[in-house]
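No hydrogens, no waters, no symmetry mates; every other heavy atom, side chains included, goes into these values. By convention in this document, chain letters (A, B, ...) are assigned in the order of the sequence lines, proteins followed by strands, and residues within each chain are numbered from 1.
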Number of protein chains: 4
Amino acid sequence: MPETETSIHPRKLEITHAAVTCFLEHGYHQTGVRDIAKQAGISLGNLYNHFKGKDAVLAFIAELEGEELSGFIELLANPDEPRAALEQFIDQYAAYTARPENALLGVEILTEALRNPDIAKVFGANRSRLIDALVSCLNKGTKTGIFVPYDDPRAVACVVLDALEGVGLRGLSTSKPSEHAIRSIRSLIINGLEA
Amino acid sequence: MPETETSIHPRKLEITHAAVTCFLEHGYHQTGVRDIAKQAGISLGNLYNHFKGKDAVLAFIAELEGEELSGFIELLANPDEPRAALEQFIDQYAAYTARPENALLGVEILTEALRNPDIAKVFGANRSRLIDALVSCLNKGTKTGIFVPYDDPRAVACVVLDALEGVGLRGLSTSKPSEHAIRSIRSLIINGLEA
Amino acid sequence: MPETETSIHPRKLEITHAAVTCFLEHGYHQTGVRDIAKQAGISLGNLYNHFKGKDAVLAFIAELEGEELSGFIELLANPDEPRAALEQFIDQYAAYTARPENALLGVEILTEALRNPDIAKVFGANRSRLIDALVSCLNKGTKTGIFVPYDDPRAVACVVLDALEGVGLRGLSTSKPSEHAIRSIRSLIINGLEA
Amino acid sequence: MPETETSIHPRKLEITHAAVTCFLEHGYHQTGVRDIAKQAGISLGNLYNHFKGKDAVLAFIAELEGEELSGFIELLANPDEPRAALEQFIDQYAAYTARPENALLGVEILTEALRNPDIAKVFGANRSRLIDALVSCLNKGTKTGIFVPYDDPRAVACVVLDALEGVGLRGLSTSKPSEHAIRSIRSLIINGLEA
DNA sequence: TATGAATGAGAGTTCATTCAT
DNA sequence: TATGAATGAACTCTCATTCAT
């Protein structure tokens with residue numbers, strides 16, 4: 001619940017943005033705390049007035065990313081037309097992950113979450129919210145008969161997310177926006193889900 | 001046959017296995033060259049008689065991983081029954097990526113490839129071979145009329161790989177083998193592809 | 001005034017003195033950064049808060065040495081009596097180079113300057129100032145008719161410096177102050193220059 | 001007495017030449033034993049069949065340099081005309097030290113001799129032979145009345161050598177052959193010595 | 001004689017973090 | 001809040017040398 005903080009010091013956000021810039025350019029482990037401080041234009045010691053340590057910066061970034069997911073979740077949460085909602089989600093989430101900053105940060109956070117419990121906690125919470133919303137959308141679609149019933153809707157939701165995020169990751173190396181790719185995924189998924 | 005060396009010094013393989021163990025347990029960046037040497041039971045300096053540096057160890061691991069893909073590629077290359085071949089590939093590749101060692105190493109190599117050209121080269125070559133084979137299978141299926149035609153078969157191939165690898169990655173956090181997940185993916189994909 | 005920094009951190013000077021001690025005793029390449037830090041009584045990492053690296057320490061020493069030359073340069077710059085000025089310079093500069101610390105550091109800096117551009121820059125600047133001053137003194141002497149005219153006064157200046165510095169270097173091995181040597185040089189030079 | 005060796009293995013000379021090449025290019029301390037072996041086209045271990053260690057290679061180079069001095073020494077040893085012999089020596093020795101390889105190696109050996117007794121022994125022996133010869137030439141000149149008497153002929157000899165070697169060293173940085181310089185030195189010295 | 005794997009100490013440098021000011 | 005000096009462990013990598021083959 002990052003929103004419960006009474007107010008976020010503007011300096012904290014500056015540091016966060018500086019860190020994002022560094023992490024994107026050089027990666028989390030290749031970025032030093034000094035680099036972040038320099039990029040933020042503050043002293044090294046002052047960074048520790050706003051963050052407990054390097055980990056905390058990444059965790060905070062993950063928190064902020066989590067807030068960006070709210071739009072997607074609302075979209076999926078209680079859709080009148082599950083199929084339309086799903087299609088819209090696919091397009092928008094694909095666009096989201098296609099932005100290199102999101103794809104790169106995503107994989108940094110993912111890999112760090114594998115071994116760092118603090119990061120894992122935030123990352124897992126974000127993921128759960130998104131998957132829950134997606135599952136609820138799929139279930140509604142199944143209930144209204146427009147989607148085939150699956151024995152593990154959560155697995156399907158994961159596949160959808162993995163595929164979409166994979167596009168973003170792939171785009172990093174190939175450096176092409178891959179309009180085709182997104183369309184193909186949407187077709188594949190919708191095709192595969194439709195009753 | 002990426003390994004053109006006439007013979008590989010057994011010590012080189014020992015070091016490689018030690019490195020794999022370390023990378024799996026602590027990650028690439030969290031593993032020191034000393035850790036690898038200690039795990040391999042050799043002196044630090046001797047490691048540099050077999051590898052140019054830490055990067056080279058990871059690159060060599062990626063090379064060896066590439067060789068493990070040959071089985072999958074043969075499976076897909078010129079299938080009599082594309083649908084059966086695809087299903088078989090999905091099951092086997094899902095089983096492959098479901099093994100934590102493969103999933104973990106895969107993501108380490110992937111993220112390192114994003115910024116390290118030496119790793120990117122090997123990683124990209126491996127990926128290309130697999131995608132090419134998958135595309136050829138899809139194309140054959142389309143030609144024989146059992147798959148719907150897609151305007152970007154390569155994108156579809158990527159989706160399939162991303163989804164399967166996503167399962168492996170997901171399994172690392174949830175630590176359950178996820179039989180369901182694989183079945184769901186197979187259904188989704190096959191369902192989505194069938195004419 | 002090569003030192004444009006508004007103020008030099010006292011620790012930086014402490015490190016410099018420690019480095020001088022080490023370089024004199026063991027030579028530049030045989031001295032480790034750890035040795036310098038230990039001699040200075042500070043931690044290893046802190047040294048890098050004051051110097052960019054080992055090279056920078058030597059470069060700074062060379063800078064400080066350059067400042068010590070100012071006295072000699074003033075002596076030579078615009079002498080009323082070139083011959084007296086030259087004799088005085090010879091005696092004083094011989095005494096300067098006869099001090100082992102100056103001779104030893106000088107040769108360390110010289111040899112390092114041969115391959116390290118950063119050192120070469122500082123070293124070259126120092127040398128130029130001294131030679132320029134010497135040349136101006138010789139020229140004045142020639143103009144006033146007390147020195148023979150030379151077609152390359154700069155070459156003569158170099159010879160004088162080389163000879164004087166050679167005494168200092170020689171004294172390191174023979175470990176005798178060599179009063180004789182200096183007197184011989186002065187005679188030789190003055191004798192050779194007089195009209 | 002390097003000549004007493006019954007015979008020098010040709011490989012030993014190859015290694016020596018390789019070492020000279022390396023030392024000239026990167027300096028003694030910056031050259032690794034591996035570099036020498038690679039340059040010589042032999043294995044690392046084999047180098048140690050011919051030399052006790054890295055020091056021994058430099059010491060052997062110094063020995064060979066000593067042999068090259070024989071010509072100069074004969075020239076000076078018992079001259080019929082000391083003045084002509086001295087002039088000839090100045091020109092030839094200047095030409096010798098003007099060759100970068102000799103100047104560079106000379107300063108490498110000199111600085112190493114300051115702290116390494118093994119090198120100092122060889123270097124000192126070479127120097128003594130040359131100075132002795134020069135002194136004997138000067139003394140003969142003084143005796144025959146063509147040179148002024150000096151109270152320390154050995155010091156004068158040192159000045160001459162220092163000046164000539166200084167030219168070579170100076171030429172390394174300025175990279176001009178400095179015909180002028182040599183002429184100036186000869187004039188200065190001869191001028192200064194003549195009765 | 002010749003090889004190159006093996007050693008481990010040591011190289012220079014960066015690290016995340018703390019703390020007095 | 002803000003500073004940057006201070007810490008020392010850790011980093012990757014190179015060193016001269018030895019030794020079994």
Side-chain angles (χ1 to χ4, degrees), chain A residues 9-12 14-15 28-38 40-57, chain B residues 9-12 14-15 28-38 40-57, chain C residues 9-12 14-15 28-38 40-57, chain D residues 9-12 14-15 28-38 40-57:
Chain A
H9 194 294
R11 188 79 71 249
K12 186 167 185 175
E14 285 173 32
I15 296 171
Y28 175 69
H29 284 109
Q30 289 89 338
T31 295
V33 186
R34 282 181 147 84
D35 300 325
I36 301 174
K38 182 173 288 181
I42 63 166
S43 72
L44 176 59
N46 195 16
L47 191 148
Y48 283 85
N49 286 325
H50 297 279
F51 289 99
K52 195 189 161 191
K54 195 185 169 188
D55 295 9
V57 180
Chain B
H9 195 292
R11 192 76 69 249
K12 185 168 184 176
E14 286 173 32
I15 296 170
Y28 176 69
H29 284 111
Q30 289 89 338
T31 295
V33 187
R34 278 182 160 81
D35 300 326
I36 301 174
K38 182 171 290 181
I42 62 165
S43 71
L44 174 59
N46 195 18
L47 190 147
Y48 285 87
N49 283 325
H50 297 279
F51 289 98
K52 197 188 161 191
K54 194 186 171 188
D55 294 9
V57 180
Chain C
H9 195 291
R11 192 76 69 249
K12 185 167 184 175
E14 286 173 31
I15 296 169
Y28 176 69
H29 283 111
Q30 289 89 338
T31 295
V33 188
R34 283 178 166 79
D35 301 326
I36 301 173
K38 183 172 289 182
I42 62 166
S43 72
L44 174 58
N46 195 18
L47 190 148
Y48 285 86
N49 284 325
H50 297 279
F51 289 99
K52 197 189 163 191
K54 194 185 171 189
D55 295 9
V57 180
Chain D
H9 194 293
R11 189 79 70 250
K12 185 167 184 176
E14 285 172 31
I15 296 171
Y28 175 69
H29 284 110
Q30 290 88 338
T31 295
V33 185
R34 283 181 144 84
D35 300 324
I36 300 173
K38 181 173 289 180
I42 63 166
S43 73
L44 177 59
N46 195 17
L47 190 148
Y48 284 85
N49 286 324
H50 297 278
F51 289 99
K52 195 189 162 192
K54 194 184 169 187
D55 295 9
V57 181

Discussion item. Nearest 0.5 Å, please: how far is NZ in B/K38 from OG in B/S43?
Written reply: 12.5 Å
Discussion item. Under 4.0 Å from OP1 or OP2 of F/dA5: is there any side-chain N or O of C/N46 that close?
Written reply: no
Discussion item. Tell me if a side-chain donor or acceptor on D/K12 pairs with a main-chain N or O of D/F51 at a distance below 3.5 Å.
Written reply: no
Worksheet item: What distance separates A/Y28 OH from A/K54 NZ, expressed to the nearest 0.5 Å?
Response: 5.0 Å
Worksheet entry | CD on C/E14 to CD1 on C/I42, rounded to 0.5 Å | 8.0 Å
Worksheet item: Which listed nucleotide (F/dA6, E/dT3, F/dA2) is nearest to the side chain of D/I42?
Response: E/dT3
Practice prompt. Please determine, for E/dA11, whether a Watson-Crick or G-U wobble partner exists with both distances under 3.5 Å, and give it or none.
Written response: F/dT12
What nitrogen or oxygen pairs link the protein and nucleotides 13-17 of chain F at under 3.5 Å?
residue: F/dC13; atom: OP2; partner: B/Y48; partner atom: OH; Å: 3.1
residue: F/dC13; atom: OP2; partner: B/K54; partner atom: N; Å: 3.0
residue: F/dA16; atom: OP1; partner: D/T31; partner atom: O; Å: 3.4
residue: F/dA16; atom: OP1; partner: D/K54; partner atom: NZ; Å: 2.8
residue: F/dA16; atom: OP2; partner: D/V33; partner atom: N; Å: 3.0
residue: F/dA16; atom: N6; partner: D/R34; partner atom: NH1; Å: 3.3
residue: F/dT17; atom: OP2; partner: D/Y48; partner atom: OH; Å: 3.1
residue: F/dT17; atom: OP2; partner: D/K54; partner atom: N; Å: 3.0

Discussion item. Please report the distance, rounded to the nearest Å, between CZ in B/F51 and P in E/dA6.
Written reply: 12 Å
Fill in: Any strand: nucleotide that pairs with F/dA20 via Watson-Crick or wobble, under 3.5 Å
E/dT3
Item to complete: For A/L47 and A/A37, work out which heavy atoms get closest and say how close.
Response: CD1-N, 4.0 Å
Practice prompt. Mind checking the CG-CZ spacing from B/L44 to B/R34? Nearest 0.5 Å is all I need.
Written response: 5.0 Å
Discussion item. Side chain of A/N49 only, heavy atoms from C-beta on: which candidate in F/dT1, E/dG8, F/dG4 is closest?
Written reply: F/dT1
Worksheet item: Can a side chain N or O of B/H50 be found less than 4.0 Å away from OP1 or OP2 on E/dG4?
Response: no
Discussion item. Please report the distance, rounded to the nearest Å, between NZ in A/K38 and C1' in E/dA16.
Written reply: 16 Å
Discussion item. Just the rounded figure in Å: distance from P of F/dA2 to NZ of A/K12.
Written reply: 13 Å
Response to the item:
When rounded to the nearest 0.5 Å, the distance separating CG of D/N46 from CZ of D/R11 is 6.5 Å
Worksheet item: So does A/R11 get a side-chain nitrogen or oxygen closer than 4.0 Å to the phosphate oxygens (OP1/OP2) of F/dA2?
Response: yes
Worksheet item: To the nearest angstrom, how far is D/E14 atom CD from E/dA2 atom C1'?
Response: 13 Å
Practice prompt. Whole angstrom is fine here: how far is it from CG in D/L47 over to P in F/dC19?
Written response: 17 Å
